[in-house]
Novice: 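Below: one structure in structure tokens.
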Amino acid sequence: MISVKKKIKVALAGVGNCASSLVQGVEYYRRLGENHPDRALGLMHYEIAGYRSFDIEFVAAFDIDERKVGRPLSRAIFAKPNCTKVFQKKISDSGCVVRMGEALDGVAPHMVNCAGDKKIIVSGKKPCDVVKELRNSEAEILVNYVPVGAEEATRYYAAAALEARVGFVNCVPVFIASDPAGYWPEKFADAFLPIVGDDIKSQLGATIVHRALAKLFGDRGVKIINTYQLNFGGNTDFLNMLDRRRLVSKKISKTKAIQSQLQELLPEEKIHVGPSDYVPFLHDNKICFLRIEGAGFGNIPLNLELRLSVEDSPNSAGVVIDAIRCAKYALDLRIGGPLIEASAYFMKHPPEQASDEEARNVLERWIKEDPVCVEDSAFLCVSS
């Protein structure tokens with residue numbers, strides 16, 4: 001294994017609840033220290049290619065809300081409208097200050113005009129030169145946390161990553177790594193810059209549970225007839241998604257993530273996967289109701305119903321920590337373009353779908369062996 005630098009310099013596009021949980025998490029594990037018995041609690045990998053979770057250093061951040069812009073990142077992550085749980089109150093001040101980004105389509109009109117703490121207050125400051133900030137901060141990875149439906153903003157930050165020559169971790173359902181036209185994968189591959197994407201798959205969330213159960217039905221010879229997944233919560237993500245026009249890519253991403261695990265694709269009218277409503281008092285708690293109706297031996301019907309309750313933002317942060325470290329390892333090795341193995345395991349809409357077990361096995365090989373050789377090997381994918 002090649003020698004590595006012990007810090008990963010990360011920039012954040014969007015300082016919302018997910019960014020807050022990520023920053024808190026890096027500090028939390030840093031303060032636990034290497035010898036603490038809980039040092040790996042909640043992490044899928046304590047170490048990847050010599051990098052630990054607390055080797056991440058936040059050097060740049062971009063947002064558009066006036067309560068965050070101009071403030072140290074260590075304080076901005078706790079500013080409204082953020083409402084995720086605080087599990088690490090003391091955050092070391094790294095000197096990173098949140099800069100004004102381009103608003104573009106990053107905020108739905110109803111979120112500017114709504115009342116209460118979840119309202120977005122767009123700063124009047126002039127947008128910064130994102131490419132210049134990335135270069136000056138010496139960022140190596142840009143994590144995209146703009147809201148669901150922000151197609152233009154995601155492409156803007158992807159282009160900035162290319163120009164600044166940094167890797168890209170795309171946590172939202174805008175198809176960059178999985179671009180069907182191939183434009184973004186080709187651009188990042190030509191620049192020897194890695195992408196992990198698209199649309200983060202939470203540690204133990206609605207999608208990963210639905211996928212596992214759907215595959216279990218098939219493996220046990222039970223035919224799925226109908227299935228739904230209904231999600232609701234009280235954070236700004238759910239408020240944003242009240243504008244159903246912003247959900248097109250999200251529904252595609254979540255639905256394909258489930259369909260890819262089925263032995264036979266369900267007709268559109270037989271599967272419903274997606275956000276349902278916004279319940280303010282839930283804050284960052286996300287509730288999922290899941291139902292699978294099937295037919296077993298002798299065509300006898302059966303059904304399964306499940307209720308899952310999770311804190312939405314911390315549920316994704318540990319996965320992002322792994323995605324960042326894989327992207328950094330790829331940078332060290334000058335591997336560009338979509339990281340197929342990491343994307344298949346960490347993301348809902350990767351360039352190539354696989355079962356979670358298979359994706360995990362191939363990712364472990366990629367981490368522990370020679371990633372270049374694993375990249376060249378056949379990846380057994382399930383058609384989406």
Novice: Can a donor-acceptor pair be found between the side chains of Gln353 and Lys256 at a distance below 3.5 Å?
Specialist: no
Novice: Identify whether Ile56 and Leu134 are in the same connected component of the hydrophobic contact network (ILVMFWY, side-chain heavy atoms under 4.5 Å).
Specialist: yes
Novice: Are side-chain N/O atoms of Tyr51 and Asp332 paired as donor and acceptor at under 3.5 Å?
Specialist: yes
Novice: Take atom NZ in Lys251; do more than 12 heavy atoms of anything else shown fall under 6.0 Å from it?
Specialist: yes
Novice: For the atom pair CG (Asp312) and NZ (Lys85), what is the distance rounded to the nearest 0.5 Å?
Specialist: 13.0 Å
Novice: Ignoring hydrogens and angles, write down the donor-acceptor pairs under 3.5 Å from the side chains of residues 157-178, residues two or more places apart or on other chains.
Specialist:
from, atom 1, to, atom 2, distance (Å)
Arg165, NH2, Ala191, O, 2.7
Asn170, OD1, Asn144, ND2, 2.9
Asn170, ND2, Val172, O, 3.3
Asn170, ND2, Val174, O, 2.7
Asn170, ND2, Asp198, OD1, 2.9
Ser178, OG, Asp198, OD2, 2.5
Ser178, OG, His349, O, 3.2
Ser178, OG, His349, ND1, 2.8

Novice: Just grab all the ring-ring contact (aromatic ring centres under 6.0 Å, His included) pairs involving residues 246-288, residues at least two apart or on different chains.
Specialist: none
Novice: Are Lys223 and Asn299 linked by a side-chain donor-acceptor pair shorter than 3.5 Å?
Specialist: no
Novice: Could you report the tightest heavy-atom contact between Ile287 and Arg307, atom names first, then the distance?
Specialist: CD1-NH2, 3.4 Å
Novice: Please answer whether the main-chain N or O of Leu41 pairs with a side-chain N or O of Asp38 as donor and acceptor at a distance below 3.5 Å.
Specialist: no
Novice: Counting N and O atoms only, with roles assigned by atom type, does the side chain of Asp284 sit under 3.5 Å from a partner on the main chain of Glu311, one being a donor and the other an acceptor?
Specialist: no
Novice: Is atom CD of Glu269 surrounded by more than 12 heavy atoms (other residues, nucleotides or ligands) closer than 6.0 Å?
Specialist: yes
Novice: Taking side-chain contact (heavy atoms from CB on, under 4.5 Å) as the test, write out the residues that go with Lys89, two or more places apart.
Specialist: Val86
Novice: With the side chain counted from C-beta on, respond yes when Val10 and Leu12 share a heavy-atom pair under 4.5 Å apart, and no when they do not.
Specialist: yes
Novice: Going through the distances and angles, do Leu247 and Lys250 end up as a side-chain contact (heavy atoms from CB on, under 4.5 Å)?
Specialist: CA-CA 5 Å; Leu247 283 176; Lys250 184 70 172 177; 4.1 Å; yes
Novice: Step by step, work out the side-chain contact (heavy atoms from CB on, under 4.5 Å) result for Val196 and Met347.
Specialist: CA-CA 8 Å; Val196 183; Met347 300 288 169; 3.8 Å; yes
Novice: So, do Pro314 and Thr84 sit near enough that their side-chain heavy atoms are less than 4.5 Å apart?
Specialist: yes
Novice: Establish, from distance only, whether the side-chain atoms of Gln229 and Asn231 form a donor-acceptor pair under 3.5 Å.
Specialist: yes
Novice: For Lys254 and Thr207, test the side chains for any donor-to-acceptor distance below 3.5 angstrom and give the result as yes or no.
Specialist: yes
Novice: Are any side-chain N or O atoms of Asp105 and backbone N or O atoms of Glu151, one a donor and one an acceptor, separated by less than 3.5 Å?
Specialist: yes
Novice: Taking atom types as modelled, is there a side-chain donor on Asn285 or Ser309 under 3.5 Å from an acceptor on the other?
Specialist: yes
Novice: By side-chain contact (heavy atoms from CB on, under 4.5 Å), which residues pair with Glu305, not counting sequence neighbours?
Specialist: Tyr228, Arg291, Asn303
Novice: Please give me the minimum heavy-atom distance between Tyr145 and Leu22, naming the atom from each residue.
Specialist: OH-CD2, 3.7 Å
Novice: Using modelled atom types and a 3.5 Å cut-off, is there a donor and acceptor pairing between side-chain atoms of Asp55 and backbone atoms of Arg52?
Specialist: yes
Novice: Determine the minimum heavy-atom distance between Arg246 and Ala108, stating which atoms define it.
Specialist: CD-CB, 3.7 Å
Novice: Has the side chain of Ser74 got a donor or acceptor atom that lies under 3.5 Å from a matching backbone atom of Asp93?
Specialist: no
Novice: Is Ile252 reachable from Ile258 through a run of hydrophobic residues whose side-chain heavy atoms are each under 4.5 Å from the next?
Specialist: no
Novice: Kindly say whether Asn17 contributes a backbone atom to a donor-acceptor pair with the side chain of Asn235 at under 3.5 angstrom?
Specialist: no
Novice: Only counting residues at least two apart or in another chain, list the ones meeting ring pair (Phe, Tyr, Trp, His ring centres under 6.0 Å) with Phe87.
Specialist: Tyr28
Novice: Side chain of Lys215, backbone of Asp356: donor and acceptor closer than 3.5 Å?
Specialist: no
Novice: Regarding Ser53 and His45, is there a side-chain donor-to-acceptor distance under 3.5 Å anywhere?
Specialist: no
Novice: Pick one: which of Glu57, Lys7, Lys328 meets side chain to side chain contact (heavy atoms under 4.5 Å, CB included) with Glu140?
Specialist: Lys328
Novice: Are the side chain of Ser316 and the backbone of Ser313 linked by a donor-acceptor contact shorter than 3.5 Å?
Specialist: yes
Novice: Keeping Arg334 on the side-chain end and Leu331 on the backbone end, is there a donor-acceptor pair under 3.5 Å?
Specialist: no
Novice: If we count only N and O atoms by modelled type, under 3.5 Å, do the side chains of Glu27 and Ser92 hold a donor and an acceptor together?
Specialist: yes
Novice: With sequence neighbours excluded, what pairs up with Val97 under the side-chain contact (heavy atoms from CB on, under 4.5 Å) test?
Specialist: Arg99
Novice: Do the numbers put Arg39 on top of the ring of Tyr46, so that NZ or CZ is under 6.0 Å from the six-membered ring centre and no more than 45° off the axis?
Specialist: yes
Novice: Are any side-chain N or O atoms of Arg211 and backbone N or O atoms of Ala257, one a donor and one an acceptor, separated by less than 3.5 Å?
Specialist: yes
